[in-house]
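Atoms within each ligand, like the ligands themselves, are counted from 1 in listed order.
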Amino acid sequence: MTKPVRIAVTGAAGNIGYALVFRLAAGDLLGPDQPVVLQLLEIPQAAQALSGVVMELEDGAFPLLHDVVASDRAEVAFRDADLAFLVGSRPRTAGMERKDLLRVNAEIFANQGRALDRQAARDVRVLVVGNPANTNALIAASNAPSLSTHQFSSMMRLDHNRAVSALARKAGAMIRDVAGIVVFGNHSSTQFPCIDHATVRGRAALELVERSWYEKEFIPTIQQRGAAVIKTRGASSAASAASAALDHMRTWIRGTEGSSWTSMGVAADGSYGVAPGIFFGYPVRTSEGSYRVTQDLKLDEFQRARIAASEKELREERDGITDLLPR
Ligand code: NAD
Ligand code: LMR
């Protein structure tokens with residue numbers, strides 16, 4: 001039998017966790033021939049709810065689900081993990097910015113970085129979803145000195161998917177017709193969803209939509225979409241976030257198709273003028289669990305100013321948690 005892939009999910013009894021684990025069990029990430037072991041982490045107060053999730057996983061009779069481990073100890077949940085989804089943390093509520101969660105959630109990611117360092121498979125790939133995701137990824141990676149920073153990433157894919165969907169709707173096109181979108185920067189209201197290089201059915205997007213729509217409607221709508229969902233649904237996005245997490249991990253493992261790129265939060269490396277020391281949303285091409293920041297996009301003043309604003313915010317977030325950065 002094919003060796004099962006061990007997938008750790010933190011916050012597995014939460015809203016995103018509940019939308020994610022059944023899709024992982026069904027093979028939506030790794031396909032119909034790859035068995036999986038789910039290694040689920042929760043805090044002790046949610047242990048009973050997690051037991052209920054495990055019961056439902058059993059009742060789903062998923063042919064690919066080889067085993068389920070449920071624990072309130074990161075050391076157990078991360079043992080030999082090949083892939084890790086770091087979701088568990090507090091979501092914001094109406095009126096908050098994601099960075100208001102920084103001090104509340106930061107320690108979780110320092111502890112989990114250390115546990116991954118000790119327990120996970122040496123080639124583990126880690127996706128940080130819990131907010132503020134970019135800075136939490138920085139914290140986790142910094143606390144895992146035996147792993148490469150390149151094994152960590154933060155989620156920009158929900159913003160990316162939102163941007164693709166909004167452009168497709170505006171242009172009267174299908175999702176598959178849209179290429180070349182990138183969301184630069186922070187998963188926050190300073191993010192820069194960029195369609196300057198995007199195409200719709202092979203035509204430049206900016207030949208199909210008006211510049212004023214792009215600047216005055218599209219950008220603020222994508223930047224504020226998370227808050228709009230919270231206001232409308234009464235809770236933080238969950239199913240779309242879980243779906244984006246699957247998309248992110250799948251693209252990272254399987255690779256970007258053709259010549260296009262996706263958006264991932266990765267360690268800044270000087271690309272597009274962003275100095276190292278933060279996790280930044282970039283256009284990346286991926287292959288078999290590695291990524292390369294795409295260098296070919298030309299930036300004008302408009303784009304550079306927006307990238308700089310998001311970089312500034314991320315440096316301020318970093319300044320707020322330097323005590324949690326051992327390297
Ligand atoms: P939720 O409150 O429904 O669930 C979070 C779960 O995490 C809870 O069950 C809680 O018990 C658990 N948890 C808390 N601390 C934990 C710890 N130390 N270890 C393990 N589990 C722990 O929240 P949610 O809606 O599932 O959202 C989870 C996080 O994801 C939030 O921070 C939210 O803001 C974030 N989020 C990020 C994106 C993104 O695009 N990056 C999108 C949506 C939500
Ligand atoms: C989102 O973008 O939907 C999430 O990050 C939740 C939030 O706080 O906006």
Side-chain angles (χ1 to χ4, degrees), residues 8-21 39-53 70-78 84-116 126-137 139-140 153-163 165 183 185-191 193 221-249 263-265 279 281:
V9 178
T10 75
N15 280 301
I16 296 175
Y18 192 70
L20 180 60
V21 295
Q39 306 190 162
L40 311 179
L41 181 68
E42 262 296 348
I43 51 174
Q45 299 90 306
Q48 188 176 336
L50 185 60
S51 300
V53 174
S71 180
D72 59 11
R73 291 181 48 218
E75 305 283 336
V76 174
F78 291 152
F85 292 84
L86 305 193
V87 179
S89 50
R90 241 181 68 191
R92 66 173 165 158
T93 45
M96 291 171 82
E97 285 294 327
R98 296 182 188 94
K99 65 183 166 202
D100 297 336
L101 295 167
L102 190 54
R103 275 323 307 189
V104 181
N105 287 336
E107 300 255 351
I108 295 175
F109 294 87
N111 291 333
Q112 292 184 354
R114 287 191 282 273
L116 284 162
V126 182
L127 166 60
V128 176
V129 174
N131 278 320
N134 299 55
T135 299
N136 288 337
I139 295 169
S153 61
S154 64
M155 192 157 96
M156 301 298 292
R157 187 61 176 261
L158 180 53
D159 312 288
H160 180 102
N161 286 352
R162 287 167 171 163
S165 177
V183 184
N186 197 3
H187 173 62
S188 78
S189 52
T190 68
Q191 68 181 257
T221 299
I222 305 303
Q223 287 174 329
Q224 295 295 337
R225 186 68 164 184
V229 170
I230 291 171
K231 188 159 171 243
T232 310
R233 198 176 92 87
S236 180
S237 65
S240 58
S243 196
L246 278 178
D247 289 345
H248 175 119
M249 201 61 109
S263 307
M264 273 169 64
F279 269 60

Only pairs under 3.5 Å count here: list side-chain donor-acceptor contacts from residues 237-244, not counting sequence neighbours, and write none if there are none.
residue : atom : partner : partner atom : Å
Ser243  : OG   : Arg23   : NH1          : 3.1

Determine whether the side chains of [X] and [Y] contain a donor N or O and an acceptor N or O closer than 3.5 Å.
| X | Y | result |
| --- | --- | --- |
| Ser154 | His187 | no |
| Glu97 | Ser189 | yes |
| Asn161 | Asp247 | yes |

Discussion item. Just to be sure I understand the cut-off, which residues have at least one non-hydrogen atom under 4.0 angstrom from an atom of ligand 2?
Written reply: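 Answer by chain and number: Arg92, Arg98, Asn131, Leu158, Arg162, His187, Gly226, Ile230, Ser236, Ser237.
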
Worksheet item: In order of chain and number, which residues sit within 4.0 Å of ligand 1 by heavy atom?
Response: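 Heavy-atom contacts below 4.0 Å: Gly11, Ala13, Gly14, Asn15, Ile16, Leu41, Glu42, Ile43, Ala46, Val87, Gly88, Ser89, Arg90, Pro91, Ile108, Gln112, Val129, Gly130, Asn131, Ala133, Met155, Leu158, His187, Ser236, Ser237, Ala241.
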
Heavy atoms from other residues, nucleotides or ligands near [atom1] of [X] exceed 12 (cutoff 6.0 Å):
| X | atom1 | value |
| --- | --- | --- |
| Arg90 | CZ | no |
| Arg162 | CZ | yes |
| Glu75 | CD | yes |

Discussion item. Please enumerate all residues that pass salt bridge (charged side-chain N to carboxylate O under 4.0 Å, His left out) together with Arg103, with sequence neighbours excluded.
Written reply: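 In terms of salt bridge (charged side-chain N to carboxylate O under 4.0 Å, His left out), with neighbours along the sequence ignored, Arg103 is linked to Asp323.
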
Fill in: Leu86 and its side chain to side chain contact (heavy atoms under 4.5 Å, CB included) partner, picked from Val126, Ile108, Leu41, Val129
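For Leu86, the side chain to side chain contact (heavy atoms under 4.5 Å, CB included) check succeeds only for Val126.
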
